[in-house]
2 protein chains.
Amino acid sequence: MSDVTESPKIPDFLCCVDCVGFNLRKATRAVTQLYDEMLRPAGIRVTQYSLLVVLKIVGPVLVTDLAEKIVMDRTTLSRNLELMEKQGLVNVVPGEDRRTRCVTITESGSAVLLEAYPLWQHAQDKIRESMGEERLQALMADLSALIDVSQAR
Amino acid sequence: MSDVTESPKIPDFLCCVDCVGFNLRKATRAVTQLYDEMLRPAGIRVTQYSLLVVLKIVGPVLVTDLAEKIVMDRTTLSRNLELMEKQGLVNVVPGEDRRTRCVTITESGSAVLLEAYPLWQHAQDKIRESMGEERLQALMADLSALIDVSQAR
DNA sequence: TTTATAAAGGAGTATATACACATAATTATG
DNA sequence: CATAATTATGTGTATATACTCCTTTATAAA
């Protein structure tokens with residue numbers, strides 16, 4: 001009778017404030033801006049920084065292999081690499097298999113990486129100090145689990 | 001003497017496999033693709049789905065207020081809304097303050113939302129069933145904490 | 001060995017994202 | 001009230017993302 005005792009007029013399907021996709025994207029926007037702002041003096045963003053690090057570890061590597069490793073669409077990676085090649089951060093050369101293209105970090109890319117590292121660390125430390133090492137590791141594990149379930153077909 | 005006992009030759013600054021930004025973006029790519037694939041029959045992606053839900057709950061709302069609420073750059077939101085307006089999903093009209101623009105979900109947008117809801121639910125359930133409700137809630141809390149620390153200036 | 005299939009990649013298109021700068025309208029200040 | 005500061009938004013530019021379709025090359029099948 002009185003609407004005081006009634007629950008809010010929000011239908012069931014509006015409970016998507018719990019949508020994992022939405023909340024993940026929302027957090028990613030905020031966190032990306034933090035890293036990008038910290039990395040700005042180095043002239044790269046967290047996307048390129050991450051690519052440089054991965055290339056330093058696993059490169060030289062084929063485009064498709066790299067794309068799979070970092071869970072990125074092949075065409076997205078290609079276009080990101082194209083920009084980095086223009087900026088002199090990476091080299092992309094034909095592989096032995098003439099279909100493939102092989103990616104390597106350049107000396108210039110390594111130099112930028114070294115310059116960016118302490119900047120990246122500031123961002124990372126800010127988050128680590130706020131959340132604590134344990135919670136951060138749990139979060140990493142959860143993100144990994146999210147990838148697994150999302151890719152299970 | 002022997003390199004068997006040595007740790008791998010990866011310098012300290014390459015430990016960024018722990019980079020929160022990188023891992024968050026990586027997981028977001030995977031999860032977004034899951035939701036987008038599930039939502040495809042409804043003709044919208046998880047970005048638009050989320051916007052429709054939020055508009056259904058909090059609309060009508062001013063662009064800047066909405067942007068702040070969903071932690072999205074104002075100009076990004078404007079351009080997303082522009083597409084949705086063309087598709088007839090939302091209305092954007094001038095507010096009383098003649099500087100402002102007020103956003104509302106349309107009837108057509110509500111219809112698409114209803115059609116998309118069960119599709120969204122399939123994606124959400126897949127993740128929920130895989131991770132478990134508890135872990136999922138912990139993850140949501142962590143994402144919220146990430147936003148807080150990223151925006152603390 | 002010819003042909004069919006698969007794999008790697010590029011190009012076209014479209015959405016998502018945000019920074020820097022400019023404009024219009026409102027509010028605060030003198 | 002006139003001017004200065006603030007606020008809300010739009011535009012230009014650039015990166016990030018991925019789907020679809022197409023070409024080239026390699027491998028498997030006949």
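Labels below follow one simple rule: chain letters A, B, ... track the order of the sequence lines, proteins then strands, and each chain is numbered from 1. Excluded from the calculations below are hydrogen atoms, water molecules and symmetry mates; all remaining heavy atoms, backbone and side chain alike, are included.
B:E37 comes within 4.0 angstrom of nothing in the nucleic acid, heavy atoms only. Nucleic acid contact class of B:R45 (heavy atoms, under 4.0 Å, all strands): sugar-phosphate only.
Hydrophobic cluster membership differs between B:L55 and B:L83, with clusters built from Ile, Leu, Val, Met, Phe, Trp and Tyr side chains linked at under 4.5 angstrom. No single ILVMFWY cluster, assembled from side-chain heavy atoms under 4.5 Å apart, contains both A:L62 and A:L77. Criterion: ILVMFWY side-chain heavy atoms under 4.5 Å apart, direct or through other members. Under it, A:I70 and A:V63 are part of a common hydrophobic cluster.
Residue pairs meeting the side chain to side chain donor-acceptor pair (under 3.5 Å) criterion with at least one member in residues 141-151 of chain B, sequence neighbours excluded, are A:R135-B:D142.
For B:D65 (side chain) and B:V61 (main-chain N/O), no donor-acceptor pair under 3.5 Å exists by modelled atom type.
For the pair B:L62 CG and D:dT9 C1', the computed distance is 11 Å after rounding to whole Å. At whole-Å resolution of the value, CE in B:M38 and C1' in D:dA18 are 18 Å apart. B:L39 places its CG atom 16 Å from the C1' atom of D:dC19, with the value rounded to the nearest Å.
For B:E96, there are no side chain to side chain contact (heavy atoms under 4.5 Å, CB included) partners, not counting sequence neighbours. Checked against side chain to side chain contact (heavy atoms under 4.5 Å, CB included), A:Q121 has the following partners two or more places apart in sequence or in another chain: A:Y117, A:D125.
When each of A:E96 and B:R74 is assigned the nucleotide of DNA chain D bearing its nearest heavy atom, the one mapping closer to the 5' terminus is B:R74. Both A:V63 and B:D73 lie close to DNA chain C; mapped to their nearest nucleotides by heavy-atom distance, the more 5′-ward contact belongs to A:V63. Mapping B:D65 and A:M72 onto DNA chain D by nearest heavy atom places B:D65 at the nucleotide closer to the 5' end.
The minimum heavy-atom distance between B:A42 and B:V112, with the atom names listed, is O-CG1, 4.1 Å.
In the region residues 75-83 of chain A, proximity to DNA chain D at under 4.0 angstrom, judged on heavy atoms, holds for A:T75, A:T76, A:R79, A:N80, A:L83. In the region residues 97-107 of chain A, proximity to DNA chain D at under 4.0 angstrom, judged on heavy atoms, holds for A:D97, A:R98, A:R99.
Other residues, nucleotides and ligands place no more than 12 heavy atoms under 6.0 Å from the CD atom of A:E134.
A donor atom on one side chain and an acceptor atom on the other are not found under 3.5 Å apart for A:Q33 and A:E37.
Test B:R45, B:Q124, B:R40, B:K126 against B:Y35 for side chain to side chain donor-acceptor pair (under 3.5 Å) and you get one pass: B:Q124.
In summary, contact between chain B and DNA chain C, defined as any nucleotide atom under 4.0 Å from a heavy atom of the protein, begins and ends at C:dT15 to C:dT26 in the 5' to 3' direction.
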